[in-house]
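Structure first, commentary second.
Labels below follow one simple rule: chain letters A, B, ... track the order of the sequence lines, proteins then strands, and each chain is numbered from 1.
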Protein chains: 2
Amino acid sequence: MTAVSTLPETVGIPSAGISSAEPHVHPASRLRSILDSVAAEDGSLPPLNDELVRAMRLPDDLPETLGISEVAEITGITAHTLRYYERIGLVETDRDAAGRRVYDRDALGRIAFVTWLRLSGMPIAGVSRYLELVKAGPDTQDERLALLLEQRAAIVAQLRDLQGALAVVDYKITTYGGTCGA
Amino acid sequence: MTAVSTLPETVGIPSAGISSAEPHVHPASRLRSILDSVAAEDGSLPPLNDELVRAMRLPDDLPETLGISEVAEITGITAHTLRYYERIGLVETDRDAAGRRVYDRDALGRIAFVTWLRLSGMPIAGVSRYLELVKAGPDTQDERLALLLEQRAAIVAQLRDLQGALAVVDYKITTYGGTCGA
DNA sequence: GGTTGGCTTCGAGTGCGCTCGAAGGCCTAG
DNA sequence: CTAGGCCTTCGAGCGCACTCGAAGCCAACC
């Protein structure tokens with residue numbers, strides 16, 4: 001019955017190739033490869049259980065805190081974008097004595113969560129709204145849950161659309177293969 | 001060995017809710033419901049076969065030709081956007097004596113194909129490129145195939161990302177459900 | 001002590017994909 | 001004959017999510 005508020009938001013780092021324009025290549029990321037290895041277990045990332053959540057945490061041999069450029073390299077999100085996210089209130093960071101951003105594991109986890117939401121197609125405004133509800137305390141849980149369910153529906157719709165598109169593209173590919181040999 | 005060029009590009013009309021910001025609702029579309037019924041057969045739109053392609057063609061009781069506003073209603077794409085697509089060379093249309101756009105089934109099919117590609121995340125420039133290659137003739141097939149394969153990889157990557165996001169969101173949802181009963 | 005390099009803020013710019021509005025043409029109903 | 005409505009073109013505007021650059025601070029190394 002305690003405030004569930006923040007929960008283990010250290011969930012994992014997605015591919016960060018948010019714009020689907022590029023062929024999803026980006027500076028090789030350590031966390032990404034961790035995620036890959038988890039996904040490879042059965043190929044399709046089943047509903048996240050605690051074990052997977054734990055598996056996706058940062059490895060122990062990473063430094064306790066990271067600078068912005070390290071986070072950028074790890075996550076594939078540019079430093080510019082990380083600062084932008086902070087400016088608009090999407091993430092918060094501690095600062096060192098010199099005023100520089102300092103990221104610990106929890107911060108990295110929050111960035112990961114935000115990135116997953118963004119990757120799922122949730123607009124920044126939606127992510128902001130969710131995070132504000134979390135900050136506002138436990139009596140916003142209903143609304144948070146509603147938001148999550150809505151986003152879940154959006155994800156499912158996108159999956160359906162993508163599967164349709166995949167079918168169309170595959171149809172074209174196999175047709176080309178059948179007629180001109182590829 | 002004839003020019004494969006255009007092929008049966010009458011493949012179906014997707015949801016047209018391209019921007020994933022909205023919860024994928026749009027004016028109820030007749031073609032969409034056809035697609036839905038096809039998809040419902042086994043839930044996941046398997047690789048398109050000829051039967052499905054035929055099933056997704058326009059029903060026989062639609063008028064032989066359509067005006068732009070009818071196409072807009074059917075596809076869920078606004079007339080403005082249809083004109084925009086034409087302006088940038090993405091689709092071509094016939095005109096009637098008064099200069100108005102006239103769409104037949106093939107035109108609708110081409111719009112559908114374009115929409116599927118757009119839905120798959122291919123930028124407009126990529127769709128343009130593909131269509132130009134098709135127009136350029138059969139000796140561009142290698143490049144077309146390469147484009148399709150590249151897009152296929154992008155789709156698969158997106159599917160992976162979406163599944164990851166779905167897992168994260170589901171994890172959150174079930175966690176909320178477990179602690180505050182939803 | 002200087003210089004290098006990475007960090008800071010802030011505001012402005014970019015690219016994409018629409019989205020809209022103005023100004024006018026054509027057809028049909030009253 | 002006129003009004004309404006749908007169509008046309010064209011150019012401009014918008015919203016989103018970055019993306020960049022300028023100007024300056026601070027720490028560390030030579």
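The separation between M122(B) atom CE and dG17(C) atom P is 12 Å, rounded to whole Å. Rounded to an integer number of Å, the gap from OH of Y84(B) to P of dG21(C) is 18 Å. Distance CG (L82(B)) to C1' (dT19(C)): 13 Å, rounded to an integer number of Å. Going from atom CZ of R100(A) over to atom P of dC7(C) covers 7 Å, rounded to whole Å. In this structure, CZ of R83(B) is placed 5 Å from P of dT8(D), rounded to the nearest angstrom. In this structure, the CD1 atom of I68(A) is 18 Å from the P atom of dA27(D), given to the nearest Å. Distance, L66(A) CG to dG6(C) P: 17 Å, rounded to whole Å. Taking atom CD1 of I88(A) as the reference point, atom P of dT9(C) lies 14 Å away to the nearest angstrom.
Here the side chain of E73(B) pairs no donor or acceptor atom with the backbone of E70(B) at under 3.5 angstrom.
At least one side-chain heavy atom of F113(B) sits less than 4.5 Å from a side-chain heavy atom of K172(A). Here the side chains of I74(A) and Y103(A) are not in contact, with every heavy-atom distance at 4.5 Å or above.
Checking the phosphate oxygens (OP1, OP2) of dG17(C), no side-chain nitrogen or oxygen of T81(B) falls inside 4.0 Å. Contact annotation: R87(B) does not reach the phosphate of dC10(D) (side-chain N/O to OP1 or OP2, under 4.0 Å). Distances shorter than 4.0 Å separate none of the side-chain N or O atoms of T78(A) from OP1 or OP2 on dT19(D). Between R95(A) and dT9(C) there is a side-chain N or O to OP1 or OP2 distance below 4.0 Å. A sub-4.0 Å separation between OP1 or OP2 of dC18(D) and a side-chain N or O of Y85(A) is present. Taking only side-chain nitrogens and oxygens, R101(B) never comes nearer than 4.0 Å to OP1 or OP2 of dC7(D).
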